[in-house]
Amino acid sequence: MLQIRWHGHSCFEVTNDVTLVTDPHDGKSIGIPAPSVVGDIILVSHDHYDHNSVKTVEKEGSKVVTDERKRTISDVEISGVPSFHDEERGAKRGKNIIFKFVMEGIRFCHLGDLGHEIDDETAEKIGDVDVLFIPVGGTFTIDDKHAWNVIKTIKPKIIVPMHYKIGGLSLPIAGIDAFLEQAPYKIIPVGNEIDIEKEELPEEPEIWTFTL
């Protein structure tokens, strides 16, 4: 069994015997609590301060992944797909890595600060996805409308919105409401953490909303 827990913004932990952390922030720079987790594996999608605060979540022996090379660490298969932080092929905000990782047979995809819709070639590289972590707040990433187009392309079973305005967050991005208003699927508020097993993945797509 895996546990998924949200630490605000784009930072999630996915844990069994191994703890994987995505895009750590340091809390105070963006006005929300710092992540209270240490990662065996830390994925960093791009080198911006609200996604690359490795020192906040690392310990001795943490493996930090900042490139697209395919690898397996402690039975976790990890690979990256190149993408951009804006709609101008990185001209404004640089590059971004879409991370795909597999734990206990569940296929996760974390889009980082994706700034554009994806083409079929990128979708093919990503492949099948069970759980998709997707930014929805606009300004620095795709917004609610673009997010839904990306979801239609990737077709995940579980959609987890991230990188949107929450209480205290000092970044000028939109909240989650506009994204949820367009949802054709069931919305399930899961609180701060939830357990997940491959056998229990939903038949029909669902949206899981986390709270801090």
Does D17 form a side chain to side chain contact (heavy atoms under 4.5 Å, CB included) with D75? I'd like the steps, not just the answer. CA-CA 10 Å; D17 306 333; D75 289 339; over 6 Å; no

Would you name the heavy atoms of V190 and W208 that are closest together and state the gap between them? CG1-CG, 3.9 Å

Does one hydrophobic cluster hold both V44 and I73, with members joined at side-chain heavy-atom distances below 4.5 Å? no

Check whether any side-chain heavy atom of P135 lies under 4.5 Å from a side-chain heavy atom of M162, and answer yes or no. yes

Does the side chain to side chain contact (heavy atoms under 4.5 Å, CB included) test come out yes or no for F108 and I4, once each step is laid out? CA-CA 11 Å; F108 293 88; I4 308 173; 3.9 Å; yes

Roughly how far apart are H9 NE2 and S29 OG, rounded to 0.5 Å? 10.5 Å

Output for pair (L2 CG, M103 CE), nearest 0.5 Å, gives 5.0 Å

Heavy-atom distance under 4.5 Å between the side chains of T122 and S83, does that happen here? no

Pair H85-D113, side-chain hydrogen bond (donor to acceptor under 3.5 Å, both in side chains): steps then yes or no: CA-CA 6 Å; H85 199 327; D113 263 3; 3.1 Å; yes

Between CD1 on residue I78 and CD1 on residue I97, distance to nearest 0.5 Å: 11.5 Å

Flag if over 12 foreign heavy atoms under 6.0 Å of NZ, K59: yes

Looking at I134, V131, V129, V160, which one forms a side-chain contact (heavy atoms from CB on, under 4.5 Å) with C109? V129

Looking only at heavy atoms, the pair that brings G112 and S45 closest together is CA-OG, 3.5 Å

Might you confirm whether atom CG of D67 has over 12 heavy atoms from other residues, nucleotides or ligands at distances under 6.0 Å? yes

Evaluate side chain to side chain contact (heavy atoms under 4.5 Å, CB included) for H163 paired with D23, printing each intermediate quantity in order. CA-CA 11 Å; H163 208 279; D23 280 10; over 6 Å; no

Is R71 atom CZ crowded by more than 12 heavy atoms from other residues, nucleotides or ligands, each under 6.0 Å away? yes

Going by atom types only, do S36 and R5 share a side-chain donor-acceptor pair under 3.5 Å? yes

Applying the 4.5 Å side-chain criterion to the ILVMFWY set and letting contacts propagate, would F140 and I118 be lumped into a single cluster? yes

Would a hydrophobic clustering, with Ile, Leu, Val, Met, Phe, Trp and Tyr connected at side-chain separations under 4.5 Å, put L43 with V102? no

Side chain to side chain contact (heavy atoms under 4.5 Å, CB included) evaluation trace for T22 with S10: CA-CA 7 Å; T22 64; S10 300; 5.6 Å; no

Do you know which two heavy atoms are closest between A183 and W148, and how far apart they sit? CA-CZ2, 3.5 Å

Between the main-chain N or O of L180 and the side-chain N or O of D144, is there a donor-acceptor pair closer than 3.5 Å? no

H7 ring center near H25 ring center (under 6.0 Å): no

Let me check something: do W6 and L171 share a hydrophobic cluster, defined by ILVMFWY side-chain heavy atoms less than 4.5 Å apart, either directly or through other members? yes

Quick one: are E87 and H146 in side-chain contact, heavy atoms under 4.5 Å? yes

Less than 4.5 Å apart, side chain to side chain, heavy atoms only: is that true for T19 and V38? no

Donor-acceptor pair, side chain of S53 and main chain of Y49, under 3.5 angstrom: no

Does any N or O in the side chain of S170 come within less than 3.5 Å of the main-chain N or O of I30, such that one atom is a donor and the other an acceptor? yes

Any chance you could measure I42, atom CD1, to T66, atom OG1, to the nearest 0.5 Å? 11.0 Å

Ignoring hydrogens and geometry, is there a side-chain-to-backbone donor-acceptor pair from D86 to K92 under 3.5 Å? yes

One thing to verify: whether D143 and K145 come together as a salt bridge, which I'm taking to mean a side-chain N less than 4.0 angstrom from a carboxylate O. no

Decide if atom NZ of K63 counts as having more than 12 heavy atoms of other residues, nucleotides or ligands within a radius under 6.0 Å. no

Nearest 0.5 angstrom please: K198 NZ to D130 CG, how far? 6.0 Å

Given side chains that start at C-beta, do those of E13 and E193 come closer than 4.5 Å, heavy atoms only? no

Looking only at heavy atoms, which two atoms of E77 and T72 are closest? And how far apart? CG-OG1, 3.9 Å

Is the centre of the F133 ring less than 6.0 Å from the centre of the F12 ring? yes

Count I, L, V, M, F, W, Y as connected when their side-chain heavy atoms are under 4.5 Å apart, and connections chain through other members. Are V54 and L20 then in the same cluster? no

Nearest heavy atoms of N96 and L114, plus distance in Å: ND2-N, 3.6 Å

Is there a donor-acceptor pair closer than 3.5 Å between any side-chain N or O of E200 and the backbone N or O of I196? no

Quickly, which of K100, E68, R69 forms a side-chain contact (heavy atoms from CB on, under 4.5 Å) with S79? Name it, please. K100

Under a 4.0 Å N-O cut-off, is there an ion pair linking K155 with D128? no

Closest non-hydrogen atom pair between V18 and I41, with its separation: CG1-CD1, 3.9 Å

Could you measure the distance from the CD atom of E197 to the CE atom of M1? Nearest 0.5 Å is fine. 4.0 Å

